[in-house]
Amino acid sequence: MSNKDYHVRFKNVQKSYDGKTLVVKDLNLDIEKGKFVTMLGPSGSGKTTCLMMLAGFESTTHGEIVLNGKPINKIPPHKRGIGMVFQNYALFPHMSVAQNLAFPLEVRKFGKAEVEEMVKSALDMVQMGAFIDRYPGQLSGGQKQRIALSRALVFKPELVLMDEPLGALDKQLREQMQYEIKHIHEQLGVSVVYVTHDQAEALTMSDQIAVFNDGIIQQLASPADLYERPENSFIAQFIGENNQLEGVIEKTNKNIAQVKLKNGEKVSALMVDVKDKGEKTLLSIRPERVVINPKASKNSQALEGKVLELIYLGDHIRCRMMVAQNDQFIVKVPNSSFHAQLKEGESVKLSWDKNDCRALKP
Amino acid sequence: MVFRSDEGVGLRKKLLRAERRKKFEALGLIAPLLLVMLVFYFVPIAMMLFRSIDNSQMARILPQTSEAIQTWSGEGLPDEATYAAILGDMKIAYEEKTLAKAGRRLNFDLVGYHSLLLKTGRKVEQIVEPPYKETLIALDKKWGDVRYWTVMERGLKDTTMMYLLAAVDLRYDDDNKIVKVPEQEAIYISIISRTVYISLSITILTLILGFPVAYYMANAKPRTRNLLMIVLLLVFWTSLLVRTLSWILVLQNNGVVNNLLMFSGIISQPLDLVFNRFGVYVAMTHVLLPFMVLPLYSVMRAIPSDYVRAARSLGAKSITAFIRVYLPQTLPGIGAGALMVFIQALGYYITPALVGGPRDQMVSYFVAFFVNEQVNWSMASALGVTLLILTGSLYLIFGKRVNIANMKLG
């Protein structure tokens, strides 16, 4: 792929606010045209700072941000042509919906008739045509969000940034808006850079997710890869739920390691970022990939587990077990007609595919 | 025996009963201040305002005349009985030494009355028998002039509009009609418009100087913001008098500014910086600046930076974003600050009195002048009333547009 097809490139970008600590440490991120890329991470991980640098509201301390093949470090925000949706919507309270949407067009000196038409079609896109004469104070949170979205899109930018735009909405509305934003993205083909700390939101909407922690991108991958193939223990813990077992690598065979657990039991695991014999490792297994009382198979292995607690959750039963001295080992037992009947205090055999057990650096 | 059901009481009554305790508590909290305000603020102001129309002392000094003149038609001279009455009144008033007071009051309406009463009063002892009318006219022909009787009749009523009219350069003419005073005597309208003009200028100056400061404070780090706030409030820590006097020290002919300018060779003669309009502007702007900055600051702090950022991301230059997005949102603050500065400036006394020249004095100066020098409380309070009406109407016009909630300081 040639450079041109990247819409946005962060090259060795660093950011410091106080001249002592780096909020963003050596960030490299390439965003393809037309993709929906999410920056996901806990608060203070540097994701919003990256977005602000891209929008032009924060300077880069070091490195370069390239937009459409051109470095934009010195271009002021209003000349970048990037649409932006803010967390608190930032709709101008003294302007009506129509005036809010017309604002980016007026500063671009569009003709009056053209402005009217573009405003109307942008409002229709979010089904808000009937609200054209309202003021922001007369709209609900969800309605404000739609207006903010259509205002960011009305001047037809190729790149739209969204800074936790659904953070203030209730759960149901948030989920509805997630689909809507996703559909609009597909419909318009714009590139979207989306910042959120809600991983379910990130998994639902994104083509690619960049997980931030401690000022660096821990992993950039598609939602499926991120969930199923975490590359380090932070990702394994941060995305979804994972069981963790401590152990030491006893021997290696290609990319499969034999790991000795704390209680002496041995399991095979896929080596991800560990490679040497004798190295300490953290095994991570998804709760839904654990099989109870398995039939023998050559890829699987059996461990002893004692049932400590059973929680009925409707579609599945959540079972907390003691496995290899870890009493927080969770197994999700699907509530199907043939599911295993467990009792508290009972000991069972557990197994999983060795490719689902990932050996990571602790 | 019948128990009353709960429904019988009624929901509204029950609510009132339940809330009554709260109301008493609230009343208890504000009662002390309310009482103090009533006794030491509203009552004196009401009495002051009443003074501007009160005229009852005249009827006390000249009781018989006040009664007798009611039969006078206003055409031609009054009858013999009225002359007898005024003679009787003057006799008593001369002895009690209240005649001069009445004279001063009538002189205010018609120049010459003071001397007429005193002159007649001295000789009133000698007149013992009728015809009083002819005797009085013989004594001074002014007693035969209808104008003097018109003024007397007007002057004996319980209330008078004379002072209020005078405060806006109007008076009664000989036919009891309200007319403008001759141009060379008219001063109050020009003083009132001067007061408004100075106050308006101060308001604009504080806005120009205060807006950037408030903006910087609202967007500064907490430490810087606190420091600036202290510096700003420092103005309140020193007395108004000290602040004003120090401006004289700074601006006078051999003051700091002039010395510095002359030392650096920019000027060879000291500039007149104080005891003129310039001095008034400098000192009053300084004193009133916090009242502009604080409401502005509190409004600006509530404007999230996202608005300007949004405008910029939508393609607006920073100046466009400021004018079209930021400035309109600060309007409540500008309104509140301007109203506070303007209303305070209208009533300013000490500062212009000390650093201004004779042509820079405002309405309050003349209020003080009438109280301290002329001992004319009525005229002082009439000027006070014009000031109050000016302030009140401004507040009614603009106060509604400016949310009172924005008047808070900080």
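Keep in mind that what you see is a predicted model, and the values were worked out from it rather than measured. Convention: sequence-line order gives letters A, B, ...; per-chain numbering from 1.
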Is there a donor-acceptor pair closer than 3.5 Å between any side-chain N or O of A:His78 and the backbone N or O of B:Ala311?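 Pair absent, no side-chain N/O of A:His78 close to backbone of B:Ala311.
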At their closest point, which heavy atom of A:Met95 faces which heavy atom of B:Val325, and how far apart are they? CE-CG2, 4.3 Å
Closest non-hydrogen contact found for B:Tyr307 with A:Phe92 is O-CE2, 3.3 Å
Using heavy atoms and a sub-4.5 Å threshold, report which of residues 205-222 of chain B line up against chain A, by residue number. none
Student check: side-chain heavy atoms of B:Pro304 and A:Phe86 closer than 4.5 Å: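 B:Pro304 vs A:Phe86: side chains apart.
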Taking everything shown except [X] itself, do over 12 heavy atoms lie less than 6.0 Å from its [atom1]?
X        : atom1 : result
A:Asp18  : CG    : yes
B:Lys317 : NZ    : no
B:Phe24  : CZ    : no
A:His94  : NE2   : yes

Only pairs of heavy atoms separated by less than 4.5 Å count here; which of A:Val85, A:Leu161, A:Ile82 has the most with chain B?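 Greatest number of close heavy-atom pairs with chain B: A:Ile82.
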Looking at chain B, which one of A:Pro93, A:Pro157, A:Ala152 has the largest number of heavy-atom pairs inside 4.5 Å, strictly under?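 Most pairs with chain B among the choices: A:Pro93.
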Return the OG to CZ distance between B:Ser313 and A:Arg151, rounded to the nearest 0.5 Å.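 These two atoms lie 7.0 Å from each other.
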What's the separation between atom CZ in B:Arg312 and atom CZ in A:Phe57, rounded to the nearest 0.5 Å? 7.0 Å
Residues of residues 98-118 of chain A near chain B, each having a heavy atom less than 4.5 Å away: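 A:Phe103, A:Pro104, A:Glu106, A:Val107, A:Arg108, listed by number.
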